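The next block holds one structure in the form of structure tokens; read it before the comments.
Just so you know, these numbers use all the heavy atoms, side chains as well, and skip hydrogens, waters and symmetry mates. Owing to the predicted nature of the structure, the values given are computational and were not obtained by experimental measurement.
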Amino acid sequence: MPGEAEILVAAYKLAILTFYIGVLIYALPIPLPGLKRWAPTLMADSILAAALVFIIYSLLDLSDYIASTLGGSWPLYDSWYDDAMGVIVSVKAAVAALYSVPDPGGVLGGAKILAAPVDKAATAALLFLLTVGGIHLLIYTYGPLLATVGVALYSVPFRILRGAGAWLISFILVFNAGLQVLPVFLATVASAPGSPINPPSSIESGVVYREVRVLNVMGDTVKGGLLVVYNSTGSRIAAYPVDGDGYARSSTGDRQVSLPDGEVMFDYVSNAVSFPLEPDLVDTSSQGGEILVWSPHIFWSPGTLQYAYTIGEITGYTANETHSTYQIELYPGEYVEVRYPQDCPVQVEYQGLEATEGETSWEGIQVEKLRLKAHQHGVYNITLGATPCNVTPSLEAEDYLSGPGGDFIDYNILAAFILYYFTVPMIYIFTLFIATTGLARLLGGRERIPVRIV
């Protein structure tokens, strides 16, 4: 393929040829006014074409100077383009990961529907950015060569390819400056948003669905309350209400709750008390369909939010249909505490312990509490009985998939995302094409091809 120098030499020769054709037409003794009118036109065209041969590189330098004056540069464009592609590809990857996550409980259907417009917006933005990237590659890599080709086309006699040459020259000059200034224009019009899709860590590290049941130290279910899930570093990642059978429930009411594929820790929260559960670390990937966790401190849990706990040691117990009696070894300062909703009374019988009554509130429920404290070491008998309790605390699930305290998709950021990565750049590129057409007309590229002799 000929180089830029060879193409410019050919363009210059074509310009000279055009000039001599004009001189020849002037000299021809043929009385054809239509042909004679071409003589000054061809001579003027040859002078302009020859001038373009000599100044085309100066015009390219001027294009770079204009971009620099406006604050643009190719490194600035490259930085913006890489950031934009990184955001869009991450959004596409997050959506693809969401669609690939197993959904045995059907809880992801809504999230997948909500993610569909994000996927379409990201696809449109990606295709547009790839188009802009292709134009940049063409301009940055082959710009001077294409400009010289444009000059050669511009120099063809009788303006046969003048329009194509003028447009090609204008395209290189306008887009060479315009693309460098694109990040500056975007920064002036809009600010760069984050990703409109907030992929939870479930997408990043895998997700599993398990039934989780909460028990007390005696192996009985704990009813009501909230099961809080932490990752292995102690960060809270999910929370699920506990039903009357001790099972955690998702936001859809399903017993299959989403958990990270790996090690997690659990706490049980009820009546304004938080209980760490055992095992300390649970590997969800090695567990089956149901995970059992228990509190080493709660020993009695007959109804919703009714329970008794201790830091002492249970040495024995007896139970019938209405009451349970526990033998608990306590050292001085250790205690047994009973908590229950105010509307669900609990009967407590004890001896030799200091009783302290109180009340508190939790999730809109008034809670009664009774603390039985030992002043000397011994084994104490405590008898407990409860009436049925049907209170319902106002607890909401924080599913692991969508993450606590946030939505899977931020539609305000989605609008900003489309504006910044698609709408404004498209308007800008369209404006550059209009400028290209205007500059091509200024260079005389408006004529089509008419070679009329008579």
Side-chain angles (χ1 to χ4, degrees), residues 213-228 241-246 266-280 292-393 395:
R213 197 175 194 188
V214 185
L215 308 176
N216 63 27
V217 72
M218 309 302 294
D220 300 321
T221 57
V222 175
K223 303 174 176 62
L226 189 70
L227 179 70
V228 182
V242 178
D243 64 17
D245 295 320
F266 295 99
D267 277 359
Y268 171 71
V269 182
S270 176
N271 293 342
V273 181
S274 179
F275 300 93
L277 301 180
E278 294 186 355
D280 294 333
L292 295 178
V293 290
W294 63 91
S295 168
H297 302 293
I298 299 175
F299 61 89
W300 181 74
S301 51
T304 303
L305 304 183
Q306 295 174 319
Y307 61 83
Y309 68 97
T310 183
I311 57 177
E313 181 179 355
I314 299 173
T315 59
Y317 81 101
T318 57
N320 57 35
E321 293 181 357
T322 58
H323 291 79
S324 299
T325 301
Y326 295 86
Q327 290 80 46
I328 304 176
E329 182 180 9
L330 298 174
Y331 286 87
E334 295 183 338
Y335 60 87
V336 172
E337 184 159 313
V338 183
R339 294 203 176 201
Y340 53 92
Q342 196 175 63
D343 297 333
C344 307
V346 170
Q347 298 82 44
V348 183
E349 297 178 8
Y350 58 93
Q351 290 181 347
L353 297 170
E354 178 188 356
T356 303
E357 296 182 354
E359 63 180 37
T360 186
S361 63
W362 181 71
E363 300 295 340
I365 295 176
Q366 288 300 117
V367 177
E368 298 287 342
K369 55 183 181 179
L370 174 66
R371 175 168 292 193
L372 306 174
K373 184 177 180 181
H375 290 287
Q376 59 184 7
H377 174 254
V379 176
Y380 298 89
N381 291 325
I382 299 176
T383 301
L384 301 165
T387 57
C389 186
N390 296 315
V391 298
T392 303
L395 300 174

Would you tell me whether Glu334 and His377 have side-chain atoms, one donor and one acceptor, within less than 3.5 Å of each other? no

Less than 3.5 Å apart, any donor N or O on the side chain of Asn216 or Ser301 sitting next to an acceptor on the other? yes

Taking C-beta and beyond as the side chain, do [X] and [Y] meet within less than 4.5 Å on heavy atoms?
{"X": "Glu359", "Y": "Gln366", "answer": "yes"}
{"X": "Val391", "Y": "Cys344", "answer": "yes"}
{"X": "Leu330", "Y": "Leu372", "answer": "no"}
{"X": "Thr221", "Y": "Lys223", "answer": "yes"}
{"X": "His375", "Y": "Pro332", "answer": "no"}

Closest heavy-atom contact between Ile314 and Met218? CD1-SD, 4.1 Å

Mind checking whether Tyr307 and Phe275 have ring centres under 6.0 Å apart? yes

Roughly how far, to the nearest 0.5 Å, is the CD1 atom of Ile365 from the CD atom of Gln342? 11.0 Å

Approximate separation, where rounding is to 0.5 Å, of Gln327 CD and Ile382 CD1: 10.0 Å

Ring pair (Phe, Tyr, Trp, His ring centres under 6.0 Å) with Tyr317: of Trp300, Phe299, Tyr326, only one passes, and it is Tyr326

Looking at Tyr380 and Val336, would you say the former's side chain and the latter's main chain have a donor-acceptor pair under 3.5 Å? no

Angle class for the Tyr335/Tyr309 ring planes (parallel below 30°, perpendicular above 60°, tilted otherwise)? perpendicular

Salt-bridge test for Glu354 and Lys373: reply yes if a basic N is under 4.0 Å from a carboxylate O, no otherwise. no

Greater than 12 external heavy atoms within 6.0 Å of Lys369's NZ: yes

